[in-house]
Amino acid sequence: RLPPNERLILFSPHPDDDVISMGGILHKLVENENEVVVAYMTSGNIAVFDHDVRRYVDFLERMGEEGRLDPKKAGALANAVHEFFDRKRPGEVDIPEVQDIKRLIREAEAVSGLETVGLTRAASRFLNLPFYQTGKVRKDPVGPADVKIVRDLLEEVRPSLIFVAGDLSDPHGTHRMCKEAIDGALEHVKDKPEIWLYRGAWQEWAIHEATWLVPLSQEELRLKIQAIFKHQSQKDSAPFPGGYDEREFWQRVEARNKGTAAELDRFGLAEYYAMEAYVVL
């Protein structure tokens with residue numbers, strides 16, 4: 001039985017790992033009237049295409065031209081972005097303005113995903129951990145500043161249960177580094193919460209490894225996929241899909257969650273439409 005009326009933190013390494021991995025149980029936890037905080041640990045801004053930035057900048061320019069935004073400020077921002085893109089070389093680090101726009105795109109998508117499963121913007125925390133803020137695929141090592149941000153959140157919320165990404169096979173190691181920051185923070189927390197590990201877009205826990213298998217109805221899986229769709233910058237063609245699976249994230253999730261349920265059925269156990277798997281430490 002899932003907990004009711006508890007304080008929980010879901011640590012999401014990127015701004016879509018929460019709904020990709022836990023969209024089903026997240027909706028159930030909301031229905032159980034838990035106080036849920038979703039902590040997005042990194043901005044995920046390097047995984048936004050430049051053409052998405054152009055589209056949002058065009059929108060801001062149009063708002064300025066219609067007098068709904070300060071036309072000078074909107075125009076200055078647009079000019080800076082366009083001038084950079086006109087001279088940008090492959091692999092070049094984005095200017096701060098572009099990095100910020102990409103961050104805000106992903107933050108807005110994350111909030112939209114949360115609203116789909118029944119939460120509000122107030123449930124979101126964007127930690128923007130320093131180790132990620134290089135503007136490049138290669139990140140800095142996790143340091144005391146990263147650990148402190150996570151520790152401060154744990155001490156503020158004082159959750160009885162936290163969800164942590166245990167999928168350490170993401171293409172660039174961000175999940176592993178986020179877990180390192182959480183582990184470091186937990187060393188300094190007096191009242192340790194219970195820890196549930198989930199896996200992300202690249203793999204699922206095998207049923208013999210899982211502590212809990214959470215059933216999802218057809219409608220719950222549909223809602224989970226709708227939440228994934230809200231991450232429009234990652235849909236159709238994600239910048240970092242992984243090296244061996246060309247399917248979109250929602251397609252992987254649908255196959256994975258249905259596959260877990262089918263495997264359980266093959267063993268002669270209860271039959272469900274779909275399932276998410278978790279390991280409790």
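Any value given below was found using the heavy atoms of this structure, including those in side chains, with hydrogens, waters and symmetry copies removed.
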Any side-chain to backbone donor/acceptor pair from [X] onto [Y]? Under 3.5 Å, distance only.
{"X": "E31", "Y": "L26", "answer": "no"}
{"X": "E263", "Y": "T260", "answer": "no"}
{"X": "H27", "Y": "V117", "answer": "yes"}
{"X": "E109", "Y": "Q232", "answer": "yes"}
{"X": "E6", "Y": "P3", "answer": "no"}
{"X": "N32", "Y": "N34", "answer": "no"}
{"X": "K192", "Y": "L186", "answer": "yes"}
{"X": "N79", "Y": "G75", "answer": "yes"}
{"X": "E276", "Y": "L216", "answer": "no"}
{"X": "N257", "Y": "A274", "answer": "no"}

D94 and D50: CA distance, side-chain angles, deciding distance, side chain to side chain contact (heavy atoms under 4.5 Å, CB included) verdict: CA-CA 10 Å; D94 288 327; D50 291 347; 4.3 Å; yes
After noting the C-alpha distance and the side-chain angles of V98 and F85, does the key distance pass the side chain to side chain contact (heavy atoms under 4.5 Å, CB included) rule? CA-CA 9 Å; V98 171; F85 283 154; 3.9 Å; yes
Carboxylate-amine/guanidinium proximity below 4.0 Å for [X] and [Y]:
{"X": "E220", "Y": "K28", "value": "yes"}
{"X": "R106", "Y": "D16", "value": "yes"}
{"X": "E155", "Y": "K190", "value": "no"}
{"X": "D52", "Y": "K102", "value": "no"}
{"X": "R256", "Y": "E204", "value": "yes"}
{"X": "E83", "Y": "R87", "value": "no"}
{"X": "R62", "Y": "D58", "value": "yes"}

Given side chains that start at C-beta, do those of [X] and [Y] come closer than 4.5 Å, heavy atoms only?
{"X": "E187", "Y": "R151", "value": "no"}
{"X": "P159", "Y": "L154", "value": "yes"}
{"X": "V147", "Y": "E180", "value": "no"}
{"X": "I162", "Y": "P193", "value": "yes"}

To check you understand the geometry: which heavy-atom pair defines the closest contact between A210 and A277, and what is its length?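 Where A210 meets A277 most closely, the heavy atoms are CB-CB, 4.0 Å.
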List the atom of F84, the atom of V93, and the distance in Å for their closest heavy-atom pair. CZ-O, 3.6 Å
State the [atom1]-[atom2] distance between [X] and [Y], to the nearest 0.5 angstrom.
{"X": "L213", "Y": "L264", "atom1": "CG", "atom2": "CG", "result": "6.0 Å"}
{"X": "D191", "Y": "R158", "atom1": "CG", "atom2": "CZ", "result": "5.0 Å"}
{"X": "Q234", "Y": "I228", "atom1": "CD", "atom2": "CD1", "result": "12.0 Å"}
{"X": "K230", "Y": "S112", "atom1": "NZ", "atom2": "OG", "result": "4.5 Å"}

Does the Lys NZ or Arg CZ of K235 fall within the cation-pi geometry relative to F229 - under 6.0 Å from the ring centre and within 45° of the axis?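 That pair qualifies as a cation-pi contact.
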Let me check something: any side-chain donor-acceptor pairs from residues 35-42 under 3.5 Å, sequence neighbours excluded? List them with distances.
from: Y40; atom 1: OH; to: D18; atom 2: OD2; distance (Å): 2.6
from: T42; atom 1: OG1; to: P13; atom 2: O; distance (Å): 2.7

Option among D17, I25, I20 that satisfies the side chain to side chain contact (heavy atoms under 4.5 Å, CB included) test with Y198: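 Considering D17, I25, I20, a side chain to side chain contact (heavy atoms under 4.5 Å, CB included) with Y198 is found only for D17.
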Going through the checks in order, is the salt bridge (Lys or Arg N to Asp or Glu O under 4.0 Å) test met by D152 and K148? CA-CA 6 Å; D152 287 348; K148 183 179 186 304; 2.7 Å; yes
Tell me, which pairs form a side chain to side chain donor-acceptor pair (under 3.5 Å) where one or both residues lie in residues 119-136, sequence neighbours left out?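 Pairs touching residues 119-136 that pass the test: R125-E156.
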Between W212 and Y278 (judged by ring centroids, cut-off 6.0 Å), do the two rings come close enough to count as a pair?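 Not under 6.0 Å, so no.
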Is Q218 atom CD crowded by more than 12 heavy atoms from other residues, nucleotides or ligands, each under 6.0 Å away?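 Result for CD/Q218: open.
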